[in-house]
A.B. asks: 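To start, I am sharing the structure in question, which I have written as structure tokens.
When reading the values below, keep in mind they use all heavy atoms of this one structure, side chains included, and skip hydrogens, waters and symmetry mates. Each residue takes its place number in the sequence, starting with 1.
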Amino acid sequence: MNIFEELKARGLVFQTTDEKALVKALTEGQVSYYTGYDPTADSLHLGHLVAILTSRRLQLAGHKPYALVGGATGLVGDPSFKDAERSLQTKETVIKWSDKIKNQLSNFLDFENGANKAELVNNYDWFSQISFIDFLRDVGKYFTVNYMMSKDSVKKRIETGISYTEFAYQIMQGYDFYELNTKHNVTLQIGGSDQWGNMTAGTELLRRKADKIGHVMTVPLITDSTGKKFGKSEGNAIWLDADKTSPYEMYQFWLNVMDEDAVRFLKIFTFLSLDKIAEIEAQFDTARHERLAQKTLAREVVTLVHGEEAYKQALNITEQLFAGNIKNLSAKELKQGLSNVPNYHVQTNDNLNIIDILVTAGISSSKRQAREDVQNGAIYINGERIQDLDYTLSETDKIDNQLTVVRRGKKKYAVLLFGNH
């Protein structure tokens with residue numbers, strides 16, 4: 001199986017400009033290719049990971065990747081399938097975000113070794129050197145307004161209004177391809193399927209301005225079996241930055257994917273062989289309740305993104321919380337594992353009697369309810385049941401001198417925070 005056949009078998013090829021010609025190029029020698037990432041936030045997210053890992057697969061097959069950070073295009077904003085214009089960011093913000101994205105990409109591509117080592121480029125380096133007049137004369141003249149308006153990404157915005165700034169975005173992305181082809185002989189661009197219009201602007205410019213053929217391959221925008229998208233604009237982003245989405249949260253995300261999606265995601269997001277995935281699928285189908293596919297997916301992706309230690313920590317947090325062994329975890333681990341539960345910052349004048357603190361922290365609705373909860377054995381402090389109505393929290397209840405975990409019933413958690421934590 002050649003690399004293109006493998007990408008297809010994994011569900012990673014959505015569309016190509018000329019499949020036969022692309023397969024020929026990929027099988028006859030080394031192809032230089034690029035994927036662009038606009039700094040629209042201070043981190044990439046799972047939606048980007050599909051293109052990043054596809055780029056890595058091609059590098060492992062001997063081809064040479066160029067990772068383009070859109071320092072210039074990030075200042076303009078891509079209109080593709082957005083209902084409204086993006087907020088323009090300052091140059092300082094875009095530069096800061098670009099640097100963070102560069103660092104994240106270096107976790108996935110090999111920038112150090114071999115004739116096909118990855119290269120980082122920033123389109124601000126060439127756009128900042130071009131005058132507006134030169135750009136119009138040397139690039140703009142190759143694009144008709146009719147051609148630009150025929151793109152689906154633009155069509156959808158014509159009725160509601162699109163600024164000239166965003167309208168010109170596709171020409172900028174097209175010029176990126178031309179520039180990388182001229183300087184580095186890049187002949188293939190990879191991106192999400194929503195980028196098709198912008199990407200083919202590049203092949204059009206190469207053909208018209210340089211009489212050269214470029215290839216485009218899009219990867220699918222990943223959705224779950226209900227059609228829900230992974231993108232950050234959907235409000236459910238899983239970020240690659242551990243400070244924005246902890247390894248534990250990422251682990252839980254993969255652990256909770258639906259059965260119908262788990263095997264498909266193993267093909268897309270992991271480097272397990274297709275044969276190995278077929279073995280996992282057969283075992284998974286005989287005992288879906290054991291969630292083998294989800295556990296494997298969570299292990300592989302968290303290890304890939306954050307490293308083995310982070311995976312082990314996420315697994316440990318999961319197991320200890322499930323068993324109710326709160327005291328086996330550090331305050332740092334508990335903050336990861338309980339990041340979505342209500343917090344209450346304990347004040348110096350708060351009464352720390354169990355009844356009072358349950359009401360003050362909003363865990364029980366009234367003192368009467370709090371007394372009933374304690375007497376009925378529904379209240380746990382750091383995993384231990386408390387049934388003494390006179391129990392008062394002390395220093396020994398503070399984990400790492402920072403927090404106390406209160407549980408009411410089987411699943412309702414709250415975290416009491418002390419001091420500046």
Side-chain angles (χ1 to χ4, degrees), residues 2-27 31-38 40 44-59 61 63-70 73 78-82 105 108-109 123 147-148 150-157 169-178 180-181 186-207 212-224 227-234 264-265 267-269:
N2 64 40
I3 181 59
F4 190 82
E5 289 168 338
E6 180 175 345
L7 293 177
K8 265 197 147 176
R10 288 181 177 273
L12 287 168
V13 179
F14 183 80
Q15 204 170 5
T16 60
T17 40
D18 184 340
E19 184 174 316
K20 191 175 178 182
L22 177 56
V23 171
K24 187 171 185 285
L26 288 170
T27 51
V31 170
S32 292
Y33 61 96
Y34 92 96
T35 309
Y37 307 91
D38 273 355
T40 55
L44 299 172
H45 54 78
L46 279 192
H48 295 109
L49 199 55
V50 186
I52 295 171
L53 298 185
T54 302
S55 188
R56 176 168 170 169
R57 291 180 207 280
L58 282 164
Q59 185 181 28
H63 303 291
K64 184 173 176 70
Y66 286 79
L68 182 146
V69 178
T73 40
D78 179 6
S80 297
F81 304 100
K82 299 295 177 190
L105 290 172
F108 301 98
L109 299 172
N123 62 14
Y147 171 82
M148 294 173 70
S150 71
K151 305 290 186 181
D152 287 342
S153 55
V154 172
K155 270 187 200 172
K156 291 177 182 283
R157 285 281 299 281
Y169 184 94
Q170 63 178 281
I171 304 182
M172 293 180 72
Q173 188 164 329
Y175 187 72
D176 285 341
F177 202 167
Y178 175 83
L180 291 173
N181 176 268
V186 169
T187 56
L188 168 63
Q189 182 181 178
I190 296 167
S193 58
D194 62 337
Q195 289 294 303
W196 178 258
N198 293 333
M199 293 163 75
T200 51
T203 57
E204 185 73 4
L205 183 60
L206 271 178
R207 183 180 67 80
K212 290 182 179 179
I213 292 174
H215 302 288
V216 162
M217 186 185 92
T218 61
V219 296
L221 291 181
I222 305 301
T223 58
D224 64 24
K228 190 176 177 183
K229 186 171 94 168
F230 274 10
K232 63 180 170 53
S233 57
E234 303 301 304
R264 179 167 62 98
F265 288 167
K267 294 175 184 176
I268 292 169
F269 290 101

A.B. asks: Spell out, as yes or no, whether a donor-acceptor pair under 3.5 Å connects the side chain of T203 to the backbone of G214.
C.D. replies: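 Looks like no, no N/O pair under 3.5 Å.
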
A.B. asks: Any idea how F265 and F269 line up, ring-wise: parallel (<30°), tilted (30 to 60°), or perpendicular (>60°)?
C.D. replies: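 Perpendicular: the ring planes of F265 and F269 meet at over 60°.
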
A.B. asks: Shortest non-hydrogen contact from M199 to T218?
C.D. replies: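 Scanning both residues, the minimum pair turns out to be SD-CG2, 4.0 Å.
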
A.B. asks: Is it the case that the side chain of Y33 and the backbone of Q59 share a donor-acceptor pair, with hydrogens and angles ignored and the cut-off at 3.5 Å?
C.D. replies: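 Checking the backbone N and O of Q59 against the side chain of Y33, a donor-acceptor pair under 3.5 Å is found.
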
A.B. asks: Considering only heavy atoms from C-beta outward, does the side chain of L105 approach that of L44 to under 4.5 Å?
C.D. replies: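 Yes, at least one pair of side-chain atoms sits under 4.5 Å.
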
A.B. asks: Say whether, by atom type as modelled, one donor and one acceptor occur between the side chain of T17 and the main chain of V216 under 3.5 angstrom.
C.D. replies: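 Yes, T17 side chain to V216 backbone: donor-acceptor pair under 3.5 Å.
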
A.B. asks: Starting at CG of N123, measure out to OG1 of T73 and round the result to the nearest 0.5 Å.
C.D. replies: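 Spacing of CG (N123) from OG1 (T73) equals 4.0 Å.
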
A.B. asks: Within the structure provided, determine whether L180 and L68 are in side-chain contact (heavy-atom separation under 4.5 Å).
C.D. replies: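 Yes - at least one pair of side-chain heavy atoms lies under 4.5 Å apart.
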
A.B. asks: Rounded to the nearest 0.5 Å, what separation is found between the CD atom of E204 and the CE atom of M148?
C.D. replies: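 Answer for the CD-CE pair, E204 versus M148, is 12.0 Å.
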
A.B. asks: In sequence, state the C-alpha distance, the side-chain angles, and the governing distance for E5 and K8, and then conclude on salt bridge (charged side-chain N to carboxylate O under 4.0 Å, His left out).
C.D. replies: CA-CA 5 Å; E5 289 168 338; K8 265 197 147 176; over 6 Å; no

A.B. asks: Return yes if some donor-acceptor pair links the side-chain N/O of S55 with the main-chain N/O of A51 below 3.5 Å, else return no.
C.D. replies: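 Not at all, since once roles are kept as given, no pair shorter than 3.5 Å links the two residues.
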
A.B. asks: Looking at side-chain heavy atoms only, is the closest gap between L205 and F177 below 4.5 Å?
C.D. replies: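 No. Closest side-chain heavy atoms not under 4.5 Å.
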
A.B. asks: About how many Å separate CD1 of I190 and CZ of R57, when rounded to the nearest 0.5 Å?
C.D. replies: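 One gets 11.5 Å once the value is rounded to the nearest 0.5 Å.
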
A.B. asks: Working note: I268 + L12, criterion side chain to side chain contact (heavy atoms under 4.5 Å, CB included); need CA distance, chi angles, decisive distance, verdict.
C.D. replies: CA-CA 7 Å; I268 292 169; L12 287 168; 3.9 Å; yes

A.B. asks: Taking the side chain as C-beta and beyond, is there a heavy-atom pair between T187 and N181 under 4.5 Å?
C.D. replies: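 Result yes, sub-4.5 Å side-chain heavy-atom pair found.
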
A.B. asks: Heavy-atom distance under 4.5 Å between the side chains of M217 and L22, does that happen here?
C.D. replies: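 The answer is yes, as the side chains (C-beta and beyond) meet within the 4.5 Å cut-off.
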
A.B. asks: With sequence neighbours excluded, tell me which residues meet ring-ring contact (aromatic ring centres under 6.0 Å, His included) with F4.
C.D. replies: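 For F4, no residue satisfies ring-ring contact (aromatic ring centres under 6.0 Å, His included) once neighbours in sequence are set aside.
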
A.B. asks: Report yes if the side chains of D38 and Y169 come closer than 4.5 Å at any heavy-atom pair, otherwise no.
C.D. replies: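 Yes, side chains in contact.
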
A.B. asks: For the residue pair P220 and V50, what are the closest heavy atoms and their distance?
C.D. replies: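 So the two residues come closest at O-CG1, 4.4 Å.
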
A.B. asks: When you compare the side chain of I52 with that of Y37, does any pair of heavy atoms fall below 4.5 Å?
C.D. replies: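 Y37 reaches I52 side chain to side chain.
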
A.B. asks: Determine whether L58 and I3 make a side-chain contact, defined as any pair of heavy atoms from C-beta on separated by less than 4.5 Å.
C.D. replies: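 When only atoms from C-beta onward are counted, I3 and L58 do touch, with a gap below 4.5 Å.
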
A.B. asks: How long is the gap from CD on Q195 to OG1 on T200, to the nearest 0.5 Å?
C.D. replies: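 One gets 10.5 Å once the value is rounded to the nearest 0.5 Å.
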
A.B. asks: To the nearest 0.5 Å, what is the distance between NE2 on H215 and CG on L206?
C.D. replies: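 Between H215 NE2 and L206 CG, I get 10.5 Å after rounding to 0.5 Å.
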
A.B. asks: Less than 3.5 Å apart, any donor N or O on the side chain of Q173 or Q189 sitting next to an acceptor on the other?
C.D. replies: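 On atom types as modelled, these side chains qualify, holding a pair under 3.5 Å.
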
A.B. asks: I need the minimum non-hydrogen distance between A67 and L109, along with the two atoms involved.
C.D. replies: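 Reported closest heavy-atom pair: CB-CD1, 4.2 Å.
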
A.B. asks: Mind checking the CZ-CD1 spacing from F14 to I222? Nearest 0.5 Å is all I need.
C.D. replies: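 The CZ atom of F14 sits 10.5 Å away from the CD1 atom of I222.
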
